[in-house]
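Some notes on the structure that comes next.
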There are 2 protein chains.
Amino acid sequence: MKKQIRLNAFDMNCIGHLSAGLWTHPRDRAQTYKDLQYWLELAKLLERGKFDAIFLADVLGVYDVYRGSADAALQQCTQVPVNDPVLVIPAMATVTEHLGFGVTCTLSFEPPYQFSRRMSTLDHLTKGRAGWNIVTGYLDSAARGTGLDAQTAHDLRYEIADEYMEVVYKLWEGSWEDDAVVRDRENGVFARPEKVHKIHHQGKYYRVEAIHLCEPSPQRTPLLYQAGASTRGREFAGKHAECVFLGGSKRIVASSVADIRHHAARCGRNPAEVLMFAGITVIVGRTEQEARAKYADYARYVNPDGVFALLSGWSGIDFSHYRMEDPVTYVKNDAVNSMVEAFTTKSERPWTVRELVEYGGLGGPTPKIIGSPTQVADQLIGWIEETDVDGFNLSYVVTPESFTDFIELVIPELQERGVYKLDYSPGTLREKLYGPGRARLDRSHPAATYRHADPHNRGSSIRDCRSRCSEHGSDVTRL
Amino acid sequence: MKKQIRLNAFDMNCIGHLSAGLWTHPRDRAQTYKDLQYWLELAKLLERGKFDAIFLADVLGVYDVYRGSADAALQQCTQVPVNDPVLVIPAMATVTEHLGFGVTCTLSFEPPYQFSRRMSTLDHLTKGRAGWNIVTGYLDSAARGTGLDAQTAHDLRYEIADEYMEVVYKLWEGSWEDDAVVRDRENGVFARPEKVHKIHHQGKYYRVEAIHLCEPSPQRTPLLYQAGASTRGREFAGKHAECVFLGGSKRIVASSVADIRHHAARCGRNPAEVLMFAGITVIVGRTEQEARAKYADYARYVNPDGVFALLSGWSGIDFSHYRMEDPVTYVKNDAVNSMVEAFTTKSERPWTVRELVEYGGLGGPTPKIIGSPTQVADQLIGWIEETDVDGFNLSYVVTPESFTDFIELVIPELQERGVYKLDYSPGTLREKLYGPGRARLDRSHPAATYRHADPHNRGSSIRDCRSRCSEHGSDVTRL
């Protein structure tokens, strides 16, 4: 069987996610993000298209680098206002059976004890369809909202994140044994206390002495997403992530894929099972001409200030200091450079700021695929072959139109070519991605070392993996 | 018109909320708390009964005082496992139009910047039906789960809570002006930045320099519940709460009601508008005989260990040191004493521990009303008249049976007597309780002093209320 393309819909609980200005497009429904109806309809649509998951971005803070204020972001509703993404998921779960839910939650502002409960609850309520995009936060404005003067330094954030993961793994995997809950009404025994363990974590950043508050959920640890593109981020992904969201051109993505698979292998994991998703924007019509006309129509709604708010926030440089006709080489720093590469795969000459804006305003800093269903399918398959990604995170330009178009025009084409599922597999989100019997994290994953009562975790392989992948001391009562 | 009785259904995202052992009753469905279906059906049922709200308790920690361990709580699923209560609300909102949602969230473990966003999101998604039960946490085990050795001292917790409230009020009421969001597609202006204000809070416990991340929700500040019974707790309630949940006998409740109304008046609030809810358990049958038989049937399922887990956790004394026939005077401390009074309104002789267990096992430390529909209605009306409460928080013994019985048998009787609404009022939860035009907090509430652009908040009355009710310095950009 050919490699099956995996698909996430990329959205955010806000109006202007990545297509700045497109909220003014007459067919865009992003403004109804506050109504459950938007999310219910979107979830049903995506399940009809057999999307693996909806992947919800989040940001705790505002984009205030451009012109030194959040004014442009506010005027253009560029990722602000932004509501809590977790809360729309239980509603979407009521109208779907298979769609997965990947949600971005920063670990910087909530203790692991409380956060782990929220995720377990989500996994229970969705019957094992919860995924967590691990984020350490990147905006200074979020830090200032929380009483800090600026973000914790980048590498230190990852060190803290590593320990945070260790704590939540202990809670999710190590606290309740599989046979702890017996629900024996006859004898009046719900759980066997000797099978429920307090975790004792005394680390550098966290101290936790507690049992996990939730009984084991279908997946225990939610499916783990990660999106860090830095060197340290890729190491982190190789160790922890089951699904990785990558941005950039084919060249950049291919290199990241190889690097993360390498890190995964070093941690003793199967590198092929770290599923890679490239961020991409598709504008499809029944013909190429129709698609190009759609692109031109959308492009009229791009708002430069909104795009600059995002670009400045991401890169840390204030684009108001440049003119629209400036070449991008003139403004480039590492972040901008990588973004420019992201925008196009065939940049022969330096782009102007104006070109950057138009292209980046449609679906954000993602490569664009514009064309007929067969053209789009060709290009998606080309991506898979050339970069070794497993699938795509689809940005929208106009919602839900971008998803509807993709489902009606591209999905049948992919199915016909045998590269897209005709129906969902049964089971939890993790089982749908990895196959039957895989509801829980694979035993090669570092989280598995905190499990109880798994005979495979009693031998030397655990200790090996521990010394290989875990920096902090750990023990679980009665292990 | 006669005073209308207000009703909340009291539940928790767990199995054994207050009726320890009743999870073994063949008709109890609490074990399905992990399934959205339980919550959807319950919400529809309560809306059919025109309940004002479902009030969700929560606890972050386990009951581990009894026998010095959490074993009894685990074995009897006594408030453990316990899932996140917030997440079931968006699902319930999809199948209801009027039911309010009061949810218990502790402010001890999450910064106000992040928490305020979650509540605003909830208020948006429910179209103004969100309520927050303000809790500062009371279990040491929760503190240990979060890296502390024990709870912060009681009065200090309230001091911190007061400042926390100030911060969230600034975010909810002061950050976005009413006319900040214009949604002008034609001119490409979503919000007017000059109407969105950064709050500058430099307090003793919190520093926040940020705009609120959400546009104004229907109620802005969610409806505020509070349940603290201590002297400091009642002061806090008088200042902040719109709805207060009270436990205890008629005598205790009446005294708390008077005291809290007194504190409210001192803060310049209308004391009659602080709505008081007494915790109560009703067992109703078509006849008194049927109700008594139901009580006897339920009582057979009470589990003493489960009851002791709760009683010991609440009182801080380990009940395993006493025998079932010991008189309660022998074990009493202030907390137990108040609980014993709560159990019965006519305690002439000291209760034995055994009696305490049986009575407290059915709906927890709440007075019981057992009888026919007319008897129950008589007693509820008697409560209203004698204690000046506005309504009740109904505990269940068996779920959803206890609610179904109440709705089928008691509600029609109350409606017939003109003391219960025949239909919901329109609007948000706050409007349903206080009338049209009252979607936002009343201007006499301390939160209102942080508002912009309200001409009523520009005069001397603000400063008065500030000096009267607010301990911390405060200012909002561009005020």
Side-chain angles (χ1 to χ4, degrees), chain A residues 13 15-16 21 23-24 26 31 34-36 40 60-62 69-71 74-77 80-84 86-88 90-91 93-94 109-111 113-114 117-118 120-122 124-125 141 144-147 183 185 188-193 196 206-211 213-215 303, chain B residues 13 15-16 21 23-24 26 31 34-36 40 60-62 69-71 74-77 80-84 86-88 90-91 93-94 109-111 113-114 117-118 120-122 124-125 141 144-147 183 185 188-193 196 206-211 213-215 303:
Chain A
N13 198 350
I15 303 168
W23 67 276
T24 60
Q31 274 201 65
K34 298 181 286 124
D35 300 335
L36 284 168
L40 299 179
L60 270 161
V62 293
S69 86
D71 286 6
L74 283 163
Q75 195 174 54
Q76 292 307 317
C77 48
V80 62
V82 56
N83 283 353
D84 190 313
V86 179
L87 293 178
V88 297
T94 66
F109 305 116
E110 194 178 27
Y113 181 61
Q114 282 77 0
R117 183 175 77 138
R118 184 169 309 122
S120 292
T121 303
L122 205 59
H124 276 302
L125 294 177
S141 58
R144 287 194 300 273
T146 313
R183 300 178 183 280
R185 268 180 154 148
V189 177
F190 173 79
R192 293 188 287 179
V196 183
Y206 299 100
R207 282 196 294 145
V208 182
E209 296 284 325
I211 67 160
L213 289 169
C214 307
E215 58 179 298
N303 183 290
Chain B
N13 199 351
I15 303 168
W23 67 275
T24 60
Q31 273 199 67
K34 298 181 286 122
D35 301 333
L36 284 169
L40 298 180
L60 268 162
V62 293
S69 87
D71 285 5
L74 283 164
Q75 195 175 53
Q76 291 307 316
C77 47
V80 63
V82 56
N83 284 354
D84 189 313
V86 178
L87 293 178
V88 297
T94 66
F109 305 115
E110 194 178 27
Y113 180 61
Q114 282 77 1
R117 183 175 78 138
R118 186 170 306 124
S120 292
T121 304
L122 204 58
H124 276 302
L125 294 178
S141 57
R144 286 193 299 274
T146 313
R183 299 180 184 279
R185 270 182 153 147
V189 178
F190 174 78
R192 293 188 287 178
V196 183
Y206 299 99
R207 282 196 296 145
V208 182
E209 296 284 326
I211 66 160
L213 289 169
C214 307
E215 58 180 301
N303 182 290

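Proteins come first, then strands; the chains are lettered A, B, ... in the order of their sequence lines, and each starts at number 1.
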Using every non-hydrogen atom in the two residues, find where [X] and [Y] come nearest and quote the distance to one decimal.
| X | Y | value |
| --- | --- | --- |
| A/F190 | B/P81 | CE2-CD, 3.5 Å |
| B/L122 | A/L87 | N-CD1, 4.0 Å |
| A/W23 | B/G188 | CZ2-C, 3.7 Å |
| B/L36 | A/P90 | CD1-O, 3.6 Å |

Do A/R117 and B/V82 come close enough that some side-chain heavy atom pair is under 4.5 Å?
yes
Is the closest side-chain heavy-atom distance between B/I211 and A/L74 below 4.5 Å?
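Touching, per the 4.5 Å side-chain cut-off.
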By a 4.5 Å heavy-atom criterion (distance strictly below it), what part of [X] contacts chain A: side chain, backbone, both, or neither?
| X | result |
| --- | --- |
| B/A70 | neither |
| B/T94 | both |
| B/R192 | neither |
| B/I15 | side chain |

Choice from B/L213, B/N13, B/V86, B/L40 maximising heavy atom contacts with chain A below 4.5 Å
B/L213
Drop me the distance from A/K34's NZ to B/T121's OG1, to the nearest 0.5 angstrom.
11.5 Å
Nearest 0.5 angstrom please: B/N83 CG to A/L125 CG, how far?
6.5 Å
Max heavy-atom pair count under 4.5 Å with chain B, selected residue of A/Q31, A/Q76, A/E110
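If we count pairs closer than 4.5 Å to chain B, A/Q31 comes out on top.
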